[in-house]
Amino acid sequence: MKKAIDDIKNKKLSIRQAAEQHGVPKSTLERHWKGRVVHPGKVNLGKYKQALNSDLEEELVEHVKKMQEMFFGLTGETLRALAFQLANANGIPVPFNINNQKAGKDWLSCFLKRHPDLSLRQPEPTSLSRATGFNRTQVGRFFDLLKGIYEKEAITVENVYNVDETGITCVQKPGKIIAKKGMKQVGRITSAERGKTITAVCAMSAIGNYVPPIFIFPRKRMAMGLLQDAPSGSRGFASPSGWIDSEIFLDWLKHFKKYANPSIDKKVLLILDNHASHLNLPAIEFARQNGIIMLSIPPHTSHRLQPLDRTFFGPLKTYYNQAIDHWMVTNYGKRVQSSQVCGFFCTAYSKAATVQKAVNGFKSAGIMPFNPDIFDETDFAPSMVTEIHAVGSPELEAHGATTSSLAEVEGVTSIQLCNNTITSSQTAAEREGVSGMQRSGDYAPSDQVSAEREGVASMQRSGDSTTSDQAAAEGLGGILLSDGPTTSAQIAVQSEVQLTDGPSTRVHVMDISPLPDAKLTTRKRKAMKSQVLTSSPFKKILLSKSKVPSSNKRIHKRNKKQLQFPGSYECLICSELYIHPPKEDWIQCSLCKKWCHENCSAYPGHGNFVCDFCAKK
């Protein structure tokens with residue numbers, strides 16, 4: 001049918017010739033050509049018809065994609081309820097269940113079949129800090145600092161490194177197995193319920209050189225037997241918590257210097273996160289004296305800007321779990337010991353540590369080769385939920401926002417139709433959720449003005465009539481108004497657009513389900529950002545923050561006891577150093593005796609506080 005109409009439109013064939021050539025009845029083709037059907041060019045077979053028209057479904061598809069990009073994806077239940085509300089608001093007669101206020105499951109199934117680019121997916125949990133932390137401002141600052149280092153220090157590709165930590169345990173995550181259908185639970189043997197976390201510190205360069213890893217075991221003293229079968233050149237350290245601290249990071253820098261060979265004349269760039277262990281004066285002094293430039297990435301952006309997280313740690317964990325899984329099924333009744341962890345890690349490390357993974361990791365983060373435009377608007381969409389710009393600012397123009405779109409957020413809905421012409425940009429604005437119509441010429445009568453004050457979108461008349469071809473081409477959802485006589489063609493268009501006696505203006509998806517927009521809350525402390533840790537300004541800031549707090553000060557306002565503190569400490573969660581006098585409450589973990597902001601923790605206000613790191617053990 002569509003091909004036949006296209007041939008007639010292009011004047012290749014007549015109606016009779018197109019009907020004979022494409023095997024379509026002439027009377028049916030004539031009705032579609034003259035626009036006497038609801039969906040010209042489309043034939044619905046069977047007794048069931050599409051509930052929503054094509055324009056509304058396209059709006060639904062775009063809305064679903066936009067919400068998914070902002071990490072506020074719609075579930076199947078939400079989409080069915082939205083379809084019902086959209087049909088009800090536009091007065092479209094649909095066979096949906098009125099009691100449930102939702103479209104049926106069959107409608108959802110057919111909707112997904114009509115739009116194969118959509119599917120039901122299991123989302124990955126993403127924290128609000130990570131979603132909003134990866135924003136254009138923070139990422140832009142990181143790339144500006146990176147560009148300045150490249151230009152000033154003439155860093156070559158072989159001297160760009162990335163370091164990060166990851167946790168491994170004696171308990172593997174089993175892979176998929178073949179099992180009998182219909183079983184609700186399928187088991188797989190593991191060494192224990194929950195194992196102790198052992199930290200592995202890995203580093204790689206942009207050309208595929210890997211620094212031998214170090215291992216941090218949760219114990220008081222280090223035993224060399226724990227490094228059995230470890231990768232060549234590896235070192236081991238002991239830490240009560242099993243996590244890296246300032247002293248171990250300084251030892252790692254010495255270990256890194258041995259294999260990267262940095263110098264004052266040939267400096268090396270080391271990209272790392274803002275962990276508290278990296279922000280200490282001895283390590284920064286050592287890096288400055290040995291030609292190591294340390295550049296930190298913004299907080300909560302490691303999933304995008306950390307090359308090791310992009311391409312290396314994922315395969316490494318997969319190979320590590322496979323190695324333990326294979327050992328468990330070939331050694332019945334035995335448990336994995338801490339002395340065997342390095343051997344399994346070596347098996348996985350030899351498979352994952354390839355040149356291609358290192359090169360792809362730096363390339364995907366835009367670090368090497370340098371590409372500050374590697375991330376597009378889709379990547380920054382989740383952070384737009386909490387971004388607020390001033391009217392007329394460059395950010396507004398960059399995102400394509402105008403004064404009319406801001407007015408739309410406030411409830412003003414209007415489209416200007418001048419000289420009976422409708423531009424494509426105005427049509428796009430209508431699809432974004434603008435529901436009213438305004439025409440040049442005379443103002444609307446008083447009853448329309450009063451209706452507009454009550455929230456109904458107004459429509460203003462013009463002195464000229466609008467042809468049915470223009471209205472049909474743009475798919476307008478309102479009633480055509482003109483001072484001239486109403487023609488039969490206009491009545492036909494009205495009957496196609498407005499199927500029932502519903503509202504006179506079209507209700508869009510954005511009117512019912514607007515995009516998420518949150519107001520920014522004031523922070524009690526300054527957020528961290530990307531910084532050159534080895535620069536002189538940061539060293540001065542670190543010196544000013546490392547003052548010893550007085551022991552007779554009450555840091556936690558609720559605790560009336562006199563508390564004793566070490567000379568310098570930082571928050572376990574946000575890694576912010578202590579500043580005297582404190583601006584907010586601090587609280588101490590009852591197990592590891594470390595401190596964090598009470599606002600950063602999940603402390604309920606009563607009982608002993610245990611930090612997340614100790615709770616996972």
Side-chain angles (χ1 to χ4, degrees), residues 122 124-125 164-204 208-244 255 308-358 360-361 613-617:
Q122 180 64 40
E124 180 180 352
D164 195 17
E165 304 86 21
T166 186
I168 55 177
T169 66
C170 300
V171 180
Q172 85 279 14
K173 183 180 178 181
K176 291 184 178 182
I177 63 172
I178 300 175
K180 181 181 177 181
K181 282 187 176 181
M183 295 189 65
K184 294 184 178 180
Q185 293 182 346
V186 179
R188 181 77 168 182
I189 292 296
T190 59
S191 181
E193 293 290 339
R194 182 173 57 187
K196 295 182 179 180
T197 300
I198 301 172
T199 301
V201 183
C202 302
M204 66 181 184
N209 292 331
Y210 289 82
V211 177
I214 69 169
F215 299 92
I216 305 172
F217 295 89
R219 53 191 296 125
K220 291 288 186 180
R221 296 177 179 85
M222 181 61 193
M224 297 310 297
L226 296 174
L227 291 178
Q228 180 181 355
D229 299 327
S232 179
S234 302
R235 295 185 60 187
F237 297 90
S239 172
S241 63
W243 297 86
I244 191 171
H255 175 73
L308 284 166
D309 284 340
R310 294 298 300 265
T311 59
F312 180 72
F313 281 150
L316 177 68
K317 293 288 185 69
T318 300
Y319 295 138
Y320 179 79
N321 290 326
Q322 289 176 356
I324 298 183
D325 212 15
H326 177 72
W327 187 88
M328 289 296 298
V329 298
T330 55
N331 294 270
Y332 306 111
K334 295 183 180 180
R335 292 180 173 86
V336 177
Q337 304 298 326
S338 299
S339 58
Q340 298 175 277
V341 169
C342 290
F344 295 129
F345 185 89
C346 182
T347 303
Y349 191 80
S350 60
K351 295 180 180 180
T354 62
V355 174
Q356 195 62 36
K357 284 187 175 62
N360 291 339
F613 304 111
C614 295
K616 292 179 181 178
K617 295 179 181 179

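Values below: every heavy atom of this structure, side chains too, minus hydrogens, waters and symmetry copies.
Between V171 and R194, the closest side-chain pair of non-hydrogen atoms is not below 4.5 Å. Between T197 and P218, every side-chain heavy-atom pair lies at or beyond the 4.5 Å cut-off. Within the 4.5 Å cutoff, the side chain of V336 has no heavy atoms near those of the Q172 side chain. Using a 4.5 Å heavy-atom threshold, the side chains of K173 and D325 count as separate. Between P213 and C202, the closest side-chain pair of non-hydrogen atoms falls below 4.5 Å. Residues M222 and L227 form a side-chain contact, since some pair of their non-hydrogen atoms from C-beta on lies under 4.5 Å apart. Considering only heavy atoms from C-beta on, C342 stays 4.5 Å or farther from L226 through its side chain. Looking at K196 and S338, their side chains never come closer than 4.5 Å, going by heavy atoms from C-beta outward.
Classified by interplanar angle (parallel below 30°, tilted 30° to 60°, perpendicular above 60°), the ring pair Y210/F312 is tilted. Using cut-offs of 30° and 60° on the angle between ring planes, the pair F345 and Y349 is parallel.
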Next item on the list: Go through the steps for E165 and I216 under the test side-chain contact (heavy atoms from CB on, under 4.5 Å), then give the verdict.
Entry: CA-CA 10 Å; E165 304 86 21; I216 305 172; 6.0 Å; no
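Other residues, nucleotides and ligands contribute more than 12 heavy atoms inside 6.0 Å of the CZ atom of R188.
Taking each heavy atom of S234 and P231 in turn, the nearest pair found is OG-O, 2.7 Å. Listed here is the closest heavy atom pair of Q340 and W327: NE2-CZ2, 3.4 Å. For M328 against S191, the heavy-atom pair with the smallest separation is CE-N, 3.8 Å. Heavy-atom minimum distance, D164 versus L308: N-CD1, 3.4 Å. Taking both residues in full, the closest heavy atoms of T347 and S350 are given as O-OG, 2.8 Å, listed atom of the first, atom of the second, then distance. The heavy-atom pair separating A238 from R219 by the smallest distance is CB-O, 3.4 Å.
Side chain of S239 to main chain of I244: no donor-acceptor pair is present (N/O by atom type, distance under 3.5 Å, no hydrogens or angles). Side-chain atoms of H255 come within 3.5 Å of backbone atoms of P212 as a donor-acceptor pair (strictly under, hydrogens ignored). A donor-acceptor contact shorter than 3.5 Å links the side chain of T199 to the backbone of G242. Proximity of a side-chain donor or acceptor of N360 to a complementary backbone N or O of Q356 within less than 3.5 Å is detected.
Between atom CD1 of residue I198 and atom CZ of residue F215 there is a gap of 8.5 Å, rounded to the nearest 0.5 Å. Rounded to the nearest 0.5 angstrom, T166 OG1 and D309 CG are separated by 8.0 Å. Distance CE/M183 to CD/Q185: 8.5 Å, rounded to 0.5 Å. Of the inter-residue distances, the one linking H326 atom NE2 with N321 atom CG reads 14.5 Å to the nearest 0.5 angstrom. Atom CE of residue M224 and atom CZ of residue R235 lie 9.0 Å apart, to the nearest 0.5 angstrom.
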